[in-house]
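Worksheet for the structure shown next.
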Amino acid sequence: MRELNEPQARHLAGILNIIRPDWPVPSLLTLIWEHRAQPDFPALVVAAVTKAQDRTCKTPAPIFTPGAHWPEAVRDKLPALPRCRDHDTEDAPTCRSCLADVKTGDRPETMIGKRLALPTPPVGSTKQANTSPAERIRSDLRAAKDARRAIPHPDPTEPPSPAKNQNGATP
Ligand SMILES: [Zn+2]
């Protein structure tokens with residue numbers, strides 16, 4: 001299975017954000033990078049743009065689930081979906097329990113299919129005593145989201161310079 005490179009991921013995130021301004025580029029990048037093992041980049045672009053135009057599709061996660069939005073030729077080559085970290089009977093990107101949590105405001109959209117760690121309240125902290133548990137969870141989730149925002153640079157498989165000196169001669 002080939003992997004997307006970083007420019008491909010960034011371009012795709014940019015295109016999707018233009019079609020769907022409600023899908024922020026950082027979360028798109030995180031999502032695309034988590035699913036960078038792809039059989040075919042053009043097929044992924046088709047699937048992603050198709051889903052982005054589907055107004056009933058509230059989050060970009062279902063892009064990566066198999067379905068009619070993928071070109072037929074690659075449908076049987078799609079990588080298996082990971083299981084939800086919180087609900088292990090569900091596929092992570094489309095976990096129905098997580099989606100229900102999002103609806104009730106108990107889970108941010110960026111945490112669908114992921115472990116929603118509840119922070120333990122610090123003992124004797126006066127600073128946090130005035131904030132509600134919900135606010136503390138939200139602030140912790142923001143911090144977790146920021147931490148995941150950075151895209152790791154892929155290991156270079158080729159030297160960066162396109163120039164090749166095949167015969168070793170110097171001018
Ligand atoms: Zn879940």
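Quick note: numbers below take in every heavy atom, side chains included, and nothing from hydrogens, waters or symmetry partners.
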Nearest non-hydrogen partners of Ala61 and Pro93, listed with the distance
CB-O, 3.3 Å
Set of residues satisfying side-chain contact (heavy atoms from CB on, under 4.5 Å) with respect to Ala13, sequence neighbours excluded:
Val25, Leu28, Leu29, Ile32
If the condition is side chain to side chain donor-acceptor pair (under 3.5 Å), which residues does Asp40 pass it with, not counting sequence neighbours?
none
Side chain to side chain donor-acceptor pair (under 3.5 Å) pairs, two or more places apart, involving residues 60-71
none
Compare all side-chain heavy atoms of Asp106 with those of Leu116 and state whether any distance is below 4.5 angstrom.
no
On a heavy-atom basis, the closest approach of Thr104 and Asp101 is OG1-O, 3.0 Å
For Ile19, which residues count as a side-chain contact (heavy atoms from CB on, under 4.5 Å) partner, sequence neighbours excluded?
Ile15, Val49, Ala52, Gln53
Kindly give the heavy-atom pair with the smallest separation between Leu81 and Pro66, and that separation in Å.
CD1-CD, 3.7 Å
Is there any salt bridge (charged side-chain N to carboxylate O under 4.0 Å, His left out) pair reaching into residues 64-82, and which pairs are they, with sequence neighbours excluded?
none
Enumerate the side chain to side chain donor-acceptor pair (under 3.5 Å) contacts for residues 82-100, please, sequence neighbours excluded, ordered by first and then second residue.
Arg83-Asp91, Asp86-Arg107, Asp86-Arg115, Glu90-Arg96
Non-neighbouring partners of Pro21 that pass side-chain contact (heavy atoms from CB on, under 4.5 Å), sequence neighbours left out
none
Can you tell me how far apart CE (Met111) and SG (Cys84) are? Round to the nearest 0.5 Å.
9.5 Å
Indicate yes or no for a side-chain donor-acceptor contact from Arg10 to the backbone of Pro7 under 3.5 Å, with no hydrogens or angles considered.
no
So CD1 of Ile63 and CG of Leu12: to nearest 0.5 Å the spacing works out to 7.0 Å
Other than Val102, which residues form its hydrophobic cluster under the rule that side-chain heavy atoms must be closer than 4.5 Å?
Leu99, Ile112
The reported gap from CG in Leu31 to OG1 in Thr59 (rounded to nearest 0.5 angstrom) is 8.0 Å
According to a hydrophobic-cluster definition based on side-chain heavy atoms being under 4.5 Å apart (Ile, Leu, Val, Met, Phe, Trp, Tyr only), do Leu78 and Val46 belong together?
no
Distance (rounded to the nearest 0.5 Å) between Lys114 NZ and Glu34 CD
4.0 Å
Applying ring pair (Phe, Tyr, Trp, His ring centres under 6.0 Å), name anything that partners His35, two or more places apart in sequence or on another chain.
Phe64
Taking only residues two or more places apart in sequence or in another chain, which ones pass salt bridge (Lys or Arg N to Asp or Glu O under 4.0 Å) with Asp22?
Arg20
Where is the tightest heavy-atom contact between Cys57 and Trp23, given as atom of each residue plus distance?
O-CZ2, 3.6 Å
